[in-house]
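Letters go in sequence order (proteins before strands), and every chain restarts at 1.
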2 protein chains.
Amino acid sequence: MFELFEKYLRSKAAFTAEEMQQIEAVTTIKRLRKRQFLLQEGEVWTYNAFVSKGCLRTYSVDTKGAEHILTFAVENWWIGDLQSLASGLPARFNIDAIEDSVVLLIRKEEFDRLCQVIPALQQLVNALLHRSFLAQQNRIHTTISHSAEEKYRLFLQNFPEFARRIPQHMVASYLGMTTETLSRIRRNLV
Amino acid sequence: MFELFEKYLRSKAAFTAEEMQQIEAVTTIKRLRKRQFLLQEGEVWTYNAFVSKGCLRTYSVDTKGAEHILTFAVENWWIGDLQSLASGLPARFNIDAIEDSVVLLIRKEEFDRLCQVIPALQQLVNALLHRSFLAQQNRIHTTISHSAEEKYRLFLQNFPEFARRIPQHMVASYLGMTTETLSRIRRNLV
DNA sequence: CGATTCTTTGAAAACAGTCAATCTGTGTGG
DNA sequence: CCACACAGATTGACTGTTTTCAAAGAATCG
């Protein structure tokens, strides 16, 4: 499974064979079955995680039991609770597998150490953070400026992959509406 | 006005006198009157901008003429269109002054060059991006998981400063609701 | 097949937006 | 200094959208 990660890394920057070995040395593989937790609210998240197969989600559960999905992650995406990672505090979010999945884990301390000695890795992380920032900004913008139907249209445009793989009630949760509303929107689209 | 910026920088990291001079050498001061544009939709944004006095907003205008505010920035905040800055494409957003303001500008090329030679500056930028990422994630989470009234409550909690300085119709726009709705929410709060 | 999850539907209620009017305070020009 | 214009906030009546609750139908999985 490390090969997929290696392929991803090489597509983003140039790494020497030795650097790649250093990375592989600290990478562990975790297989998750559908519905299995990678992180549960209240635990402390201490990894950087790369999805090499499958699909996961990050979400919270409110006082009424309703789930609110913050992110999805499929192959070649990173996932984790940066808030908990940075602060060392218990996570406010859950992460679980939507499909049977494989994630690669690197402990924070080891990842940070590698970033010190492998400039390409540090740059990759910075670039990733930068792109994520812009993606989040876009999401905020569409969220505050469009109707439920328009949000769904944009979601289909931007993430056709997600729309295919992810159950509708989760898409609804991601978009901040109920599953009934999304169902009715879909009825009116055709 | 550079002194305020210097104070901010020194509060975040250690800079030598020479480094500080290098920064000052590329910094220009721009004074803006209330309502004056710093950036208009369609222009290319090529700066990093630091607010040393006043208050500004980043917003878009939709096809119906409605404004949607993405961010506010007061003293010691950064502002700009990262999307346009990174891509070189015309900005989708406007930035203008809500109060008479003073911003410090550093051209992108010069800023990037300084980041190469001043590690503390590069680190500051990374830390800032990291914090902004988390802040945006929080905003997304509250936006998709709370009612209009709860969003306003949380806004008051998180940004009491903004609530004091910023006209209500702009707060409403930032929260993704109409000014009438916010007005009615406030009536029911007391 | 039976159980569970997922999606759809309907009816009623809650919520938020629209439009139009009024009220307030501020600042500007005469 | 006043009159006026203008930006901002509020209100009411109405419309439209979204949620809620309850139920039933479809799809999936062991």
Side-chain angles (χ1 to χ4, degrees), chain A residues 32-37 54-55 57 59 61-69 72 94 96-101 142-156 162-190, chain B residues 33-37 55-57 59 61-69 72 94 96-100 142-156 162-190:
Chain A
L32 295 162
R33 284 187 293 194
K34 190 173 169 174
R35 288 172 187 283
Q36 187 178 343
F37 282 110
C55 179
R57 62 175 177 156
Y59 66 101
V61 180
D62 70 21
T63 49
K64 291 179 192 161
E67 297 175 350
H68 304 285
I69 298 181
F72 297 115
N94 303 279
D96 68 12
I98 296 176
E99 308 169 357
D100 292 350
S101 302
T142 62
T143 301
I144 65 173
S145 63
H146 291 95
S147 69
E149 178 172 332
E150 289 166 330
K151 280 182 238 181
Y152 180 61
R153 273 187 205 278
L154 289 169
F155 178 82
L156 287 182
F162 289 178
R164 254 182 282 117
R165 291 171 76 166
I166 294 169
Q168 270 163 45
H169 73 275
M170 293 191 187
V171 172
S173 167
Y174 176 89
L175 294 175
M177 64 186 77
T178 60
T179 181
E180 294 96 331
T181 295
L182 182 54
S183 175
R184 284 185 256 261
I185 285 170
R186 285 166 51 82
R187 180 173 54 187
N188 294 336
L189 277 189
V190 289
Chain B
R33 284 187 293 195
K34 189 172 168 176
R35 287 170 191 284
Q36 188 178 341
F37 282 110
C55 180
L56 299 91
R57 61 175 177 156
Y59 65 100
V61 181
D62 70 20
T63 48
K64 291 177 190 160
E67 296 175 350
H68 304 285
I69 299 182
F72 297 115
N94 303 279
D96 68 11
I98 296 175
E99 307 169 358
D100 292 351
T142 63
T143 302
I144 65 171
S145 63
H146 293 287
S147 68
E149 178 173 333
E150 290 167 327
K151 279 183 241 182
Y152 180 62
R153 275 187 203 279
L154 289 168
F155 179 82
L156 288 181
F162 288 178
R164 253 181 284 118
R165 292 171 76 166
I166 294 169
Q168 271 163 44
H169 72 276
M170 291 189 189
V171 173
S173 167
Y174 175 87
L175 294 175
M177 62 185 79
T178 61
T179 181
E180 294 96 332
T181 294
L182 181 54
S183 177
R184 284 184 255 261
I185 284 171
R186 284 167 52 82
R187 181 173 52 185
N188 293 337
L189 277 190
V190 288

### Query
How long is the line joining CG of B/Leu189 and C1' of D/dT10, in whole Å?
15 Å
### Query
How long is the line joining CZ of B/Arg165 and C1' of D/dG8, in whole Å?
18 Å
### Audit row: A/Asp62, A/His68, side-chain contact (heavy atoms from CB on, under 4.5 Å) steps and yes/no
CA-CA 8 Å; A/Asp62 70 21; A/His68 304 285; 2.8 Å; yes
### Query
Has A/Gln168 got a side-chain N or O lying under 4.0 Å from the OP1 or OP2 atom of C/dT5?
no
### Message
Under the salt bridge (Lys or Arg N to Asp or Glu O under 4.0 Å) definition, can you give me all pairs with a residue in residues 164-173 of chain B, not counting sequence neighbours?
### Response
B/Glu75-B/Arg165, B/Glu99-B/Arg165, B/Glu161-B/Arg165
### Summary
As a check of understanding: the bend across the helix from C/dC1-D/dG30 to C/dG30-D/dC1, end axes from five pairs, rounded to 10 degrees, works out to 40°
### Query
The side chain of A/Arg35 lies closest to which of these nucleotides: C/dT9, C/dT5, D/dT10?
C/dT5
### Query
Between B/Asp100 (CG) and C/dG27 (P), how many Å, whole number?
11 Å
### Message
Can you confirm if the aromatic rings of A/Tyr174 and A/Phe155 lie within a centre distance of less than 6.0 Å?
### Response
yes
#### Entry: Letter per nucleotide, 5' to 3', of nucleotides 13-30 of chain D [B base touched, S only sugar-phosphate touched, - untouched; heavy atoms, 4.0 Å]
B----SBBBB--------
### Message
Nearest whole Å is fine: how far is C/dA14 P from B/Asn188 CG?
### Response
14 Å
### Task
Report the residues that fulfil side chain to side chain contact (heavy atoms under 4.5 Å, CB included) with B/His169, sequence neighbours left out, ordered by chain and then residue number.
B/Pro167, B/Thr179
#### Entry: Phosphate OP1/OP2 of D/dA7 contacted by B/His169 side-chain N/O (<4.0 Å)
no
### Query
Is there a side-chain polar atom (N or O) of A/Arg187 under 4.0 Å from OP1 or OP2 of C/dT8?
no
Considering only distance and modelled atom types, tabulate donor-acceptor pairs under 3.5 Å from the side chains of residues 180-190 of chain A, sequence neighbours left out.
from: A/Thr181; atom 1: OG1; to: A/Thr178; atom 2: OG1; distance (Å): 3.0
from: A/Arg186; atom 1: NE; to: A/Gln168; atom 2: OE1; distance (Å): 3.2
from: A/Arg186; atom 1: NH1; to: A/Tyr152; atom 2: OH; distance (Å): 2.9
from: A/Asn188; atom 1: ND2; to: A/Arg184; atom 2: O; distance (Å): 3.4

### Task
Figure out the NE2/C1' separation between B/His68 and C/dG17, and round it to whole Å.
13 Å
### Task
Please name all residues satisfying salt bridge (charged side-chain N to carboxylate O under 4.0 Å, His left out) with A/Glu67, sequence neighbours left out, ordered by chain then number.
A/Arg57
### Message
Measuring only between side-chain heavy atoms, which start at C-beta, is B/Val171 closer than 4.5 Å to B/Phe162?
### Response
no
### Message
Strictly distance-based, threshold 3.5 Å: is any side-chain N or O of A/Asp96 a donor or acceptor partner for the main-chain N or O of A/Gln36?
### Response
no
### Message
Rounded at 0.5 Å granularity, tell me how far NZ in A/Lys151 sits from OG1 in A/Thr143.
### Response
5.5 Å
